[in-house]
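Inspection log for the structure reproduced underneath, given as structure tokens.
The sequence lines fix the lettering, A, B, ..., with proteins before strands; numbering per chain opens at 1. Please read all numbers here as calculations on a predicted model, not as lab measurements.
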Number of protein chains: 4
Amino acid sequence: MATATLTSDKRQAIMDATLELVSKHGFEGTSTALIAKEANVGMGTLYRYFETKEELFKEMFIHQREQLLGIILSGIVGGETTIYGQFSAIVHALGRFYMAHQVEFEFLQRYSDSSYMKESYLDDSAIILAPIANILSSGGEDFRFKALPTHIIFAMVYGPMISIIQLVHQEKVSMTDEMLDSITRSLWNSITEKKTPSEM
Amino acid sequence: MATATLTSDKRQAIMDATLELVSKHGFEGTSTALIAKEANVGMGTLYRYFETKEELFKEMFIHQREQLLGIILSGIVGGETTIYGQFSAIVHALGRFYMAHQVEFEFLQRYSDSSYMKESYLDDSAIILAPIANILSSGGEDFRFKALPTHIIFAMVYGPMISIIQLVHQEKVSMTDEMLDSITRSLWNSITEKKTPSEM
Amino acid sequence: MATATLTSDKRQAIMDATLELVSKHGFEGTSTALIAKEANVGMGTLYRYFETKEELFKEMFIHQREQLLGIILSGIVGGETTIYGQFSAIVHALGRFYMAHQVEFEFLQRYSDSSYMKESYLDDSAIILAPIANILSSGGEDFRFKALPTHIIFAMVYGPMISIIQLVHQEKVSMTDEMLDSITRSLWNSITEKKTPSEM
Amino acid sequence: MATATLTSDKRQAIMDATLELVSKHGFEGTSTALIAKEANVGMGTLYRYFETKEELFKEMFIHQREQLLGIILSGIVGGETTIYGQFSAIVHALGRFYMAHQVEFEFLQRYSDSSYMKESYLDDSAIILAPIANILSSGGEDFRFKALPTHIIFAMVYGPMISIIQLVHQEKVSMTDEMLDSITRSLWNSITEKKTPSEM
DNA sequence: CATGAATGAGAATTCATTCAT
DNA sequence: CATGAATGAATTCTCATTCAT
């Protein structure tokens, strides 16, 4: 006997359909009628679970962002003991996940650039930056992070990741394990500097 | 009596209004009626100068992209003789321009992510990557570029620049000359590696 | 509780309003907003039942033409055994129906002359001429049809009918049974000739 | 030295362009901008000669109808001495002219069926019927016109002529002199009846 | 709870008409 | 007189949202 689901089947079907359609046609190109049809529910049902179209998108964005945060955290708490190990785990996890999940990635991108993303409480940084900042404050033995604001350190890793994942989705490059390793090292180099012997 | 202007006043007023409004409300959030009102022209005038709303956006995008390319090229042909000098000039020029021109920056970002940007000939990379690729192929004395596809090398510079410029516009960080210098060096580090003495 | 109607009430209301308005103001003079208002439905409802304004007109035309064909056929299969009897039945049926149904008549006329009527498969002649041609090929005992193309024979009956029906609608003449009989005989005379005794 | 023209060149150019365009695209499909362009005049010029688009069409219609009347009268006053000779001259003149002048014919037809033709003073009949009625009242030696209203007699000739001319323009039939003779006799038969010997 | 027909405000686009040059 | 850029009301069509069944 199936136990009651936390999120009802219909609700989930709507979210799945929305993810798929928005990633394909964008927010304005995706009508509520289309979502309902793709999710095999009536229009009224959609409005039972989500107050407005905008609210649906917002909830989905929050959900996707939680997923993103989970990926980042899994890298941090994963078992790697060195800072670089954790950094590498995060970059690899992010890259692998979003390269394989184009619709989720495109949804996040489209939302971030759309006019929907105006309310500040939706801001990534507060949530995502916290664990990062934590790492940055912890010292390393033979390196130090650049003397730049945490936001910028984050942007210097996240920015290139986004651009590169887009390239993969556009099939302009195909990613290999070696390339991802190399990219990881490069990004690490861009945000750290070696301590001079006298500092050690 | 006013002399005839090369690009009509009305046409320019429409483009100015569009830039402003799209950067604020996005493409779908900006109606032609609003553009016409903001530009102080009648609806019909807009359609005298631009065949459709979509055409208006495309023309503006092409114009903005030419500006972007101009900035990049000006860094290359600017007078710097070393590769790093040129790289630095480009990063500084890009950063300074788009930090100071939020509406132009946001227009470009929104267009690139919108469904308007589907026609492949609008693709930046072909145009913008050419001069970059040229630099990469030229050797340096004591460094070499990472063995990564040109697209990725480009993404590792352009990606963080975009993210950082956004941070500045969101007023999450304020950029100083020292920071921009530091960022430039970091990005350079991320895409190059030192030759070992034996290679020199 | 009202039972489901075969053709929805709203759809029928839209078609009724269209017939009325188009016959009065013509196609271009009849806006979709006006049709919706007259039919007591929202604008969106019109577009639920008909893809475009043009499609609405086409569907209505096809419907009206079927009615016309039905009238002609009913004259042919009606029970009259002589050729003249059938001819007379058709002319009387056509005349009576369209004199009494001005809006249907005017809709047909307007559509036939409008630029909507460009698609060749909408051409009456193929459909309407078939039963006529059939009659013409059958011989009579003491008459023969003029040696003119079927199209022209048809035009020599249909053309005057149209003109006369218009006169009635304009109230320039009022039609009596005797007049219709007289007209029927006249039209018959115009398309047939008596066989000479030697041919009989 | 050219004498002042009764109708200015520009005015005539506008009317020529209108005739051509309306016969091709219909009234609503012909914009004033298109007319001005085709006539090689500015938009303002059009409005110097004609108060409104509607007025332009009306004046053109009146002009075309005068032409039609001229053709009919030329048949009457042409030299034919018998009634049938005059009738035949009219039918032939009408047929030949409008088969050769499709644009003029279509303009007349479109106008008659359009919503422009609402003002009763534009009514053909008053003008065109007068000379016809005159003929009908004159007796013949061995025939008499059917006892039907003049309007209907007229419709029984004009109606089929219109339908047949349309067939020619649609290239569904090609008209020969013999066919036109035959049609003329048929139409004559349809509106007259032979006097019996005792009546002569 | 689920449905989808109905709604109407709002969007892009056209075009007859005007008027400053 | 001639011009054509400028105008904005009007038109067709879409789609987020509601509500009777």
Side-chain angles (χ1 to χ4, degrees), chain A residues 8-11 27-37 39-56, chain B residues 1-2 4 8-11 13-14 28-37 39-56, chain C residues 1-2 4 8-11 13-14 28-37 39-56, chain D residues 8-11 27-37 39-56:
Chain A
S8 104
D9 284 354
K10 306 243 176 205
R11 186 184 170 91
F27 288 104
E28 328 286 332
T30 302
S31 68
T32 49
L34 193 57
I35 294 172
K37 193 181 180 186
N40 282 314
V41 300
M43 302 256 346
T45 307
L46 194 155
Y47 281 86
R48 176 160 293 282
Y49 289 104
F50 304 94
E51 283 214 34
T52 64
K53 193 194 187 191
E54 199 163 337
E55 193 66 22
L56 163 61
Chain B
M1 228 163 290
S8 134
D9 284 354
K10 306 258 174 192
R11 186 185 168 92
I14 291 165
E28 328 283 334
T30 304
S31 71
T32 50
L34 192 58
I35 294 173
K37 192 177 185 186
N40 280 314
V41 300
M43 296 267 332
T45 306
L46 193 155
Y47 284 90
R48 171 166 284 284
Y49 289 104
F50 303 94
E51 283 212 39
T52 63
K53 192 193 187 192
E54 196 163 339
E55 193 66 23
L56 162 62
Chain C
M1 228 163 291
S8 133
D9 284 355
K10 305 260 174 190
R11 186 185 170 93
I14 291 165
E28 329 283 334
T30 303
S31 71
T32 50
L34 191 58
I35 293 173
K37 192 177 184 184
N40 280 315
V41 301
M43 297 267 331
T45 306
L46 192 155
Y47 284 90
R48 171 166 285 282
Y49 289 104
F50 304 94
E51 284 212 37
T52 62
K53 192 194 188 192
E54 195 163 340
E55 193 65 23
L56 163 61
Chain D
S8 103
D9 283 355
K10 304 244 178 204
R11 186 184 169 91
F27 288 105
E28 329 285 333
T30 302
S31 67
T32 49
L34 193 58
I35 294 172
K37 192 181 181 187
N40 282 314
V41 301
M43 302 255 347
T45 307
L46 194 155
Y47 280 87
R48 175 160 293 283
Y49 289 104
F50 304 93
E51 282 214 35
T52 64
K53 193 193 186 192
E54 199 163 337
E55 193 66 22
L56 162 61

ask   = F/dG8 P sits how many Å from B/Leu46 CG, rounded?
value = 13 Å
query = Hey, does D/Phe50 reach any base, or is it just sugar-phosphate, or nothing, if we go heavy atoms under 4.0 Å?
reply = nothing
ask   = Residues two or more places apart in sequence or in another chain: which of them pass side-chain contact (heavy atoms from CB on, under 4.5 Å) with B/Ala13?
value = B/Ala39
ask   = So does A/Lys10 get a side-chain nitrogen or oxygen closer than 4.0 Å to the phosphate oxygens (OP1/OP2) of E/dT3?
value = yes
Euclidean distance, B/Ile35 CD1 relative to B/Thr45 OG1, rounded to 0.5 Å = 13.0 Å
inquiry  = Check this one for me: any side-chain N or O of B/Arg48 less than 4.0 Å away from OP1 or OP2 of F/dA5?
reply    = yes
key: Nearest-angstrom distance from the residue atom CG of C/Leu56 to P of F/dT11   = 16 Å
ask   = Can you name the side-chain contact (heavy atoms from CB on, under 4.5 Å) partners of B/Thr32, sequence neighbours left out?
value = B/Met43, B/Leu46, B/Tyr47, B/Lys53
message = In this structure, how many angstroms lie between the P atom of F/dA10 and the CG atom of C/Leu34, rounded?
response = 13 Å
key: For atom CZ of C/Arg11 and atom P of E/dA6, their distance in whole Å   = 12 Å
task = Step by step, work out the side chain to side chain contact (heavy atoms under 4.5 Å, CB included) result for B/Ile14 and B/Arg11.
result = CA-CA 5 Å; B/Ile14 291 165; B/Arg11 186 185 168 92; 5.6 Å; no
request  = Quick one, give me the B/S/- string for nucleotides 12-18 of chain F, reading 5' to 3', where B means a protein heavy atom under 4.0 Å from the base and S means that only happens at the primed atoms, P, OP1 or OP2.
outcome  = SBBBBBB
Reported CZ-to-CG distance for the pair D/Phe50 and D/Leu56, which is rounded to 0.5 angstrom = 5.0 Å
task = Assign each of A/Asn40 and C/Gly42 to its nearest nucleotide of DNA chain E by heavy atoms, then name whichever residue's nucleotide is nearer the 5' end.
result = A/Asn40
ask   = F/dT21 and E/dC1: how far apart are their P atoms, nearest whole angstrom?
value = 22 Å
Nucleotide E/dA5, atom C1' - distance to NZ of A/Lys37 in whole Å = 15 Å
DNA chain E: stems of at least 3 consecutive Watson-Crick or G-U pairs whose donor-acceptor distances fall under 3.5 Å = E:2-21 with F:2-21
inquiry  = Could you work out, with side-chain contact (heavy atoms from CB on, under 4.5 Å) as the rule, every residue matching D/Phe27, not counting sequence neighbours?
reply    = D/Val22, D/Phe57, D/Phe107, D/Arg110, D/Tyr111, D/Ser114, D/Tyr116
key: Euclidean distance, atom CG of residue A/Asp9 to atom P of E/dA2 [Å, nearest integer]   = 10 Å
